[in-house]
2 protein chains.
Amino acid sequence: MSTLAQGKADLERASTAQKVADMLRERVLDGELEPGLRLSEEAIGGALGVSRNTLREAFRLLTRDRILVHEHSRGVFVRRPNGDDVRDLYAARRVIEGGALRRWNDVSEKQREAVRTPVRQAVARAEKNDFSRTGAANIQFHRGIVGLAGSVRLSDESDRLFAELMLAFRVAHEVEAFHQTYLPWNRKIVELLNDGTVEQAVQQLDEYFDAAEQDLVSRLTAD
Amino acid sequence: MSTLAQGKADLERASTAQKVADMLRERVLDGELEPGLRLSEEAIGGALGVSRNTLREAFRLLTRDRILVHEHSRGVFVRRPNGDDVRDLYAARRVIEGGALRRWNDVSEKQREAVRTPVRQAVARAEKNDFSRTGAANIQFHRGIVGLAGSVRLSDESDRLFAELMLAFRVAHEVEAFHQTYLPWNRKIVELLNDGTVEQAVQQLDEYFDAAEQDLVSRLTAD
DNA sequence: TATCGTAGAATCGTTCAACAATCCAACGAT
DNA sequence: ATCGTTGGATTGTTGAACGATTCTACGATA
């Protein structure tokens, strides 16, 4: 039955606006479209061969995902987070991930493995100097933490927060180096969880957030 | 200067789609447009005197706010939460509000007052049998709790979750009675916070969520 | 020189009309 | 009673058009 559910999801993926939005999202997160850039309706619509109305619909989907921002009568821009945005993002993450982590003892083993596995992957990839994928594994680690909450709404919202944070990394020119710096923290958090000392793991996570926020904010306000 | 910022917000309030979305949101939350109802583009667009494209844009804004759901090639519907949705919503609230409440000792006095005041108001209004406004005060209480996190993104997302929950109340025919039932809980939580026993307050909040979720789910799956 | 205002270009906001694609309900065949 | 089929209704998408807003560059004034 799971294959049927999968197929249904693929079928529903129709919609030109959805496909355009997916393409643009990829371009933005890859860095081809830099934060702060204005996306002209005419230029992009012409390049992609879709009408303005459809393109505007794709824009709306991406503003919902925090990828773009819409300014009335001025157009849409690739989101360009500043220091205040980063502080806000980490304030949200502290509450969400801290709250989720405290559910460690109440969740399924599968959910716990979704936290442990990405750290193992990140370590393995870092040893091979495969840093681009180390970052992806780091994100998976945090997605696993949010997953402990058991709410798809919360996981979806966190994905949007992560996307915004990725843009902040890009503005700070920290796309690759950032994640590996904090890899030891993640490893320590998993150790503490495995020891059953959940509160200590939460505290460690908070320290990670403090350090990461301070680092990122200083690099953003330096510009 | 605050008046200037206010004026700017008013000026930016333009956009036909935005006004249409505001009107529709009100109609939905008031109950005029029932959960599950399909909103015809032609009918509503004609009634409101706006073009289909503009109306579709308003629809997208409301799907972002969890008021409407969009089904491809079928149209948009007033969201109609089911039991699984409610469980997901409370899973999210447990983590968000629990995590926010634990920040009690780290936040400003103003933030703490934003939690205490709504409970006082709710008590006063309940004594006057003003139940419709009791519910509003109850929501303010929980908004105050989320506000302890100090993240506008998290507060905004919580507002969307609350809106969805309001729809669930409506489906369960519990719009008015629900909030006052749990007023004693809120009062107890504030007492525990004032006593400085934050962890006990969190535990009390969790019990509130357990009871509220169970109540609401049973009424939803009964249909 | 610097500030201000203005004209014109560029772009967005919104509408309208049209057609293809999809969904739905009624009908009839097996 | 279940399963195709056929129209009719609704959404998806396009293209063009025009008013409204923003931006840019130029020139006037102090």
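Proteins come first, then strands; the chains are lettered A, B, ... in the order of their sequence lines, and each starts at number 1. None of the values given here were measured: they were computed from a predicted structure.
Straight-line distance from the CD atom of A:Q18 to the C1' atom of D:dG12: 14 Å, rounded to whole Å. Atom CG of A:L55 and atom P of C:dG13 are 12 Å apart (whole Å). Note: CD1 (A:I44) to C1' (C:dT11) measures 13 Å, nearest angstrom. Between B:E42 atom CD and C:dA17 atom P the separation is 12 Å, expressed in whole Å. A straight line from CD of A:E71 to P of D:dC23 spans 9 Å, rounded to a whole angstrom. Rounded to an integer number of Å, the gap from A:R38 CZ to C:dA10 P is 12 Å. Look at CD on B:E41: it is 16 Å from P on C:dT22, rounded to the nearest Å. C:dG13 atom P lies 15 Å from atom CD of A:E57, rounded to whole Å.
The pair A:E113-A:K110 does not meet the salt-bridge criterion, since no charged nitrogen lies less than 4.0 angstrom from a carboxylate oxygen.
As judged by a 4.0 angstrom heavy-atom cut-off over every strand, A:G45 is placed among residues making no nucleic acid contact. Across all strands, A:S73 comes closer than 4.0 Å only to sugar-phosphate atoms, never to a base (heavy-atom distances).
Side-chain proximity of A:R52 to the nucleotides C:dT14, D:dT13, C:dC23 is greatest for C:dT14. The side chain of A:H70 approaches C:dG13 more closely than any other nucleotide in the set D:dT13, D:dG12, C:dG13. Nearest to the side-chain atoms of A:R74 among the listed nucleotides D:dG12, D:dT22, D:dT11 stands D:dT22. Taking only side-chain atoms of A:R56, from C-beta outward, the nucleotide of D:dG12, D:dT14, C:dT14 with the closest atom is C:dT14. Comparing C:dT15, D:dT11, D:dT22 by their closest approach to the side chain of A:N53 singles out C:dT15.
Between A:T54 and D:dT14, a side-chain N or O to OP1/OP2 separation shorter than 4.0 Å is present. For the OP1/OP2 pair of D:dG15 and a distance below 4.0 Å, the side-chain nitrogens and oxygens of A:S51 include no atom meeting the criterion.
Residues A:V20 and A:M23 have side chains not in contact (no heavy-atom distance under 4.5 Å, counting atoms from C-beta outward).
A distance-only check finds a donor-acceptor pair linking the side chain of A:Q111 to the backbone of A:G147 [under 3.5 Å].
Between atom CG of residue B:D159 and atom CG of residue B:D65 there is a gap of 9.0 Å, rounded to the nearest 0.5 Å.
When each of A:Y90, A:F141, A:Y182 is tested with A:Y208 by the rule ring-ring contact (aromatic ring centres under 6.0 Å, His included), just one qualifies, namely A:Y182.
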